[in-house]
There are 2 protein chains.
Amino acid sequence: MMKTSTSTQDYLKRIYELTECGEPASTNDLARELNIKPASVTGMIQKLAAEKPALVEYQKHQGVTLTTSGKRAALEVIRHHRLLEAWLVQTLGYSWDEVHEEAERLEHAISEDFERRIAAALGHPTRDPHGELIPTEDLKMPADDSTPLSALRPNQSATIQRVISQDPDLLRHLESLGLIPGIQIEVTEYSSFDNNLTVKVGKKQNVLGLNITTKIFVEIL
Amino acid sequence: MMKTSTSTQDYLKRIYELTECGEPASTNDLARELNIKPASVTGMIQKLAAEKPALVEYQKHQGVTLTTSGKRAALEVIRHHRLLEAWLVQTLGYSWDEVHEEAERLEHAISEDFERRIAAALGHPTRDPHGELIPTEDLKMPADDSTPLSALRPNQSATIQRVISQDPDLLRHLESLGLIPGIQIEVTEYSSFDNNLTVKVGKKQNVLGLNITTKIFVEIL
DNA sequence: AAAATAATTTAGGTAAGACTAAATTTAATG
DNA sequence: CATTAAATTTAGTCTTACCTAAATTATTTT
């Protein structure tokens with residue numbers, strides 16, 4: 001296929017993330033995610049849409065989606081990123097709030113050989129340290145059946161699968177509460193006024209607001 | 001200090017290598033090492049010499065040398081490269097003929113934190129898998145007291161310290177002969193006509209030409 | 001030392017990818 | 001539905017780092 005540049009890879013990755021909901025990604029959202037001005041994003045998107053095999057589908061004012069080639073390239077980068085996060089945590093003792101930044105740069109620099117070696121060394125993991133699914137070697141994204149914690153109600157138990165955040169401060173906070181992937185929890189109270197959930201983790205009870213409960217995804221037991 | 005770009009780092013690294021002999025590096029040699037046209041090298045060198053703290057010393061037609069800042073930046077990259085080579089060989093099973101290319105890209109992408117972590121994980125090694133000295137954390141290049149194998153004569157014994165080559169074919173060949181860093185050898189014959197040396201490695205005897213014996217550096221016992 | 005050859009530099013150009021400012025299109029509001 | 005506001009695109013610049021072709025300086029040969 002194509003040799004994609006670092007910037008192209010960043011664009012494709014962000015577009016993948018923004019379009020996971022089914023909606024095309026807007027220029028503005030993309031600009032915000034990439035820390036690039038909207039005008040520049042428009043220009044770059046036009047270039048990506050004009051590549052020999054087009055990487056994105058684009059119509060003025062209608063937003064962007066990935067083509068099959070574009071999605072493949074995006075999943076390649078995402079696989080690199082998530083394998084790297086897992087590898088950095090497991091072999092170099094990075095904490096889950098530190099790995100993101102390092103992986104963000106390394107993901108563009110590693111070879112396919114390197115990818116295969118760390119995947120094998122880790123035993124072909126399916127999730128990264130945040131619980132995000134790792135695309136398979138043939139670049140398919142496994143199905144995810146998890147539920148947002150915010151949808152649970154008293155007396156429901158669940159296992160935490162993923163935590164959607166790259167913010168080190170939030171991640172450290174959640175870790176201090178014991179809210180990390182793999183942990184079992186139980187909902188004991190729910191307030192319909194502010195949507196707070198009271199969640200039992202081990203012996204501790206924590207009251208969590210929507211800004212947290214929508215970022216934690218669980219498998220209901 | 002400065003944030004140096006990938007290309008700047010490549011230039012500084014090559015200039016460091018080419019000036020190790022004491023002579024300034026020529027535009028042409030640099031161009032050959034970097035796979036870049038001489039005209040482009042001139043332009044880039046002029047830019048490096050014009051940086052706020054100059055990275056190179058440059059006078060038209062006289063070649064380039066590194067300034068103190070430039071040398072520091074070069075040693076930083078070289079430390080990254082050599083630590084990465086050691087790391088890739090030790091933890092991911094790369095062979096010494098495969099690591100160079102991978103390290104060549106990763107060296108520009110890793111953080112200082114990453115550097116410290118792999119250095120610690122490896123026990124602060126002083127040489128990479130080729131036997132090249134690794135610059136210290138405070139960016140000093142340790143003194144090297146090794147001798148080229150080509151200078152040895154019959155009945156001298158030595159330990160191989162470094163093999164100066166990035167060529168995978170040559171490296172695999174040397175490995176098949178047992179000529180790798182750490183191994184002990186003994187010179188049994190010398191031909192003053194073609195400068196061939198006969199070298200005993202373990203039980204095997206090998207006749208080696210100048211093109212090999214000048215690339216292997218040893219510590220005489 | 002002059003001529004030929006090799007190395008180096010200048011000049012001018014290109015491609016990526018970002019930016020600002022201005023124009024335009026879509027969406028939201030009265 | 002007209003108007004304002006927000007989002008998006010166009011147009012024109014800039015920087016980095018490369019290239020080719022032509023001019024210049026060094027070096028080597030005769």
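Proteins get letters first, then strands, A, B, ... in listed order; numbering begins at 1 in each.
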Checklist entry - So what does B:Ser7 hit on the nucleic acid, given a heavy-atom distance under 4.0 Å: a base, only sugar-phosphate, or nothing? => result sugar-phosphate
Checklist entry - How would you label the contact of B:Thr27 with the nucleic acid (heavy atoms, under 4.0 Å): base, sugar-phosphate, or nothing? => result sugar-phosphate
Under 4.0 angstrom between [X] side-chain N/O and [N] OP1 or OP2:
| X | N | value |
| --- | --- | --- |
| A:Lys60 | D:dT10 | yes |
| B:Gln62 | D:dA26 | no |
| B:Tyr11 | D:dT16 | no |

Just checking, is any N or O donor in the side chain of [X] or [Y] under 3.5 Å from an acceptor N or O on the other one?
| X | Y | value |
| --- | --- | --- |
| A:Ser26 | A:Asn28 | no |
| A:Ser95 | A:Asp97 | yes |
| B:Glu219 | B:Ser146 | no |
| A:Thr65 | A:Glu57 | no |

Checklist entry - Does the ring center of B:Phe114 lie less than 6.0 Å from the ring center of B:Trp87? => result no
Checklist entry - Less than 6.0 Å separating the ring centroids of B:His81 and B:His100? => result yes
Item to check | Opening and closing nucleotides of DNA chain C in contact with chain A, under 4.0 Å to non-hydrogen atoms | outcome: C:dA16 to C:dT26
Next on the checklist: Closest-nucleotide mapping onto DNA chain C: is B:Ser26 or A:Ser40 further toward the 5' terminus? I mean the 5' end.
Outcome noted: B:Ser26
Starting at atom [atom1] of [X], determine the distance to atom [atom2] of [N], rounded to an integer number of angstrom.
| X | N | atom1 | atom2 | value |
| --- | --- | --- | --- | --- |
| B:Gln46 | D:dT16 | CD | P | 15 Å |
| B:Lys47 | D:dC18 | NZ | P | 9 Å |
| A:His61 | D:dA5 | NE2 | P | 19 Å |
| B:Glu51 | D:dT15 | CD | P | 14 Å |
| B:Asn35 | D:dC18 | CG | P | 11 Å |
| B:Gln59 | D:dA26 | CD | C1' | 16 Å |

Next on the checklist: Checking A:His80 now: which residues fulfil ring-ring contact (aromatic ring centres under 6.0 Å, His included) with it, not counting sequence neighbours?
Outcome noted: none
